[in-house]
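Starting from 1, each residue takes its place in the sequence as its number.
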Amino acid sequence: MDNHSALVAAMIRHEQNCPERVHHFLAVHGFARAIGQLEGLDAATQLRLETAAIVHDIGIRPSLERYGDAAGPHQEAEGPPVARPMLEQLGYEQSVVERVCFLISRHHTYTGVDGMDWQILLEADFLVNAAAPSVSREAVRSFCDKVFITGAGKQFLRELFWD
């Protein structure tokens with residue numbers, strides 16, 4: 001089931017009063033969608049990827065409330081328990097819910113990547129985060145060399161950040 005519009009609406013409610021996080025997940029979703037399509041993902045993997053891209057940072061708010069920060073490991077721990085009921089209420093199949101929760105729990109983990117949905121989520125998230133003024137061009141190139149594997153992701157990174 002592709003219920004992305006309803007999921008976006010639910011995430012906007014979840015991120016109420018934080019337009020920066022809404023803009024972030026919408027941008028990550030846009031990159032993930034494009035990379036997945038350009039890489040020729042099958043429909044099931046594309047669905048899981050796009051769903052995960054929308055909710056990947058759902059753990060930020062509970063992390064801030066519980067720990068006072070949004071560190072990656074805290075987001076990975078706090079996100080799935082919030083995402084699961086949201087996805088189930090919107091009617092996502094259980095297999096999609098399980099994989100999306102797995103991806104949320106590893107969206108800051110760059111080792112052990114076991115699927116293109118996880119790989120592309122990492123790439124899409126970095127494409128958005130790399131635009132921050134604090135991220136050096138050297139860091140972008142290093143991350144590209146160490147993490148990016150898709151042709152589309154590498155092309156986007158080069159076209160956005162290479163001189």
Side-chain angles (χ1 to χ4, degrees), residues 1-67 69-110 113-132 135 147-148 150 152-153 155-157 159-160:
M1 168 184 185
D2 175 347
N3 201 7
H4 291 142
S5 296
L7 184 57
V8 167
M11 280 298 293
I12 289 171
R13 276 191 301 281
H14 174 77
E15 295 296 358
Q16 193 168 24
N17 297 317
C18 192
E20 301 84 10
R21 287 200 297 264
V22 171
H23 289 205
H24 174 79
F25 80 70
L26 290 173
V28 171
H29 175 254
F31 278 120
R33 177 179 167 85
I35 295 169
Q37 289 178 347
L38 289 168
E39 294 294 318
L41 294 186
D42 62 85
T45 305
Q46 185 76 27
L47 171 67
R48 292 188 303 267
L49 167 63
E50 289 190 43
T51 304
I54 294 167
V55 296
H56 76 283
D57 276 345
I58 198 167
I60 290 178
R61 187 175 296 274
S63 294
L64 291 170
E65 292 168 359
R66 184 172 202 173
Y67 305 104
D69 66 50
H74 293 154
Q75 290 180 43
E76 290 179 337
E78 298 297 322
V82 180
R84 184 178 304 282
M86 182 185 289
L87 295 168
E88 289 172 345
Q89 183 178 25
L90 290 172
Y92 284 88
E93 292 182 14
Q94 197 59 40
S95 62
V96 174
V97 173
E98 291 305 318
R99 181 63 178 179
V100 168
C101 287
F102 173 85
L103 294 172
I104 293 167
S105 75
R106 291 178 177 68
H107 78 278
H108 286 285
T109 302
Y110 303 106
V113 175
D114 70 355
M116 290 304 289
D117 49 3
W118 186 357
Q119 178 64 41
I120 294 171
L121 179 60
L122 294 174
E123 292 181 14
D125 196 24
F126 185 78
L127 280 161
V128 176
N129 290 334
V135 179
V147 176
F148 276 58
T150 70
Q155 179 182 347
F156 290 166
L157 201 62
E159 290 175 351
L160 288 170

Can you list the steps and then say if Ile35 with Phe148 is a side chain to side chain contact (heavy atoms under 4.5 Å, CB included)?
CA-CA 12 Å; Ile35 295 169; Phe148 276 58; 5.7 Å; no
Considering only heavy atoms from C-beta outward, does the side chain of [X] approach that of [Y] to under 4.5 Å?
X	Y	result
Val82	Arg61	no
Leu87	Val96	no
His107	Asp57	yes
Ile60	Phe25	no
Ile54	His4	yes
Ile104	Val55	yes
Val100	Tyr92	no
Leu49	Arg33	no

Among all residues two or more places apart in sequence or in another chain, which pass the side chain to side chain donor-acceptor pair (under 3.5 Å) test with [X]?
X	answer
Thr150	Glu123
Asp42	Thr45
Arg21	Glu15
Glu159	Gln155

Please report the closest heavy-atom contact between [X] and [Y], naming both atoms and the distance.
X	Y	result
Met86	Ala10	SD-CB, 3.8 Å
Ala124	Ala32	CB-N, 3.6 Å
Ala53	Leu121	CA-CD1, 3.7 Å

Checking Val8 against Leu26 for the side chain to side chain contact (heavy atoms under 4.5 Å, CB included) test, could you report, in this order, the C-alpha distance in whole Å, the side-chain angles of both residues, the deciding distance, and whether it holds?
CA-CA 8 Å; Val8 167; Leu26 290 173; 4.0 Å; yes
Name all pairs fulfilling the salt bridge (Lys or Arg N to Asp or Glu O under 4.0 Å) condition that reach into residues 75-89, sequence neighbours left out, sorted by first residue then second.
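Every pair satisfying salt bridge (Lys or Arg N to Asp or Glu O under 4.0 Å) with a residue in residues 75-89: Arg66-Glu78, Arg84-Glu98.
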Got more than 12 heavy atoms from elsewhere within 6.0 Å of CD, Gln94?
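Enclosed.
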Measuring from atom CG of Asp125 to atom CD1 of Ile120, what distance do you get when rounded to the nearest 0.5 angstrom?
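Between atom CG of Asp125 and atom CD1 of Ile120 there are 13.5 Å.
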List the residues meeting ring pair (Phe, Tyr, Trp, His ring centres under 6.0 Å) with His108, not counting sequence neighbours, and say none if there are none.
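By the ring pair (Phe, Tyr, Trp, His ring centres under 6.0 Å) rule, His108 matches no residue at all.
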For [X], all residues meeting side chain to side chain contact (heavy atoms under 4.5 Å, CB included), sequence neighbours excluded:
X	value
Arg99	Arg48, Phe102, Leu103, Asp114, Asp117, Trp118
Ala77	none
Ala43	none
Val128	His24, Ala27, Val28, Phe31

Under 3.5 Å: donor-acceptor pair, side chain of His14, backbone of Ile58:
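Yes; judged by distance alone, with no hydrogens or angles, the pair exists.
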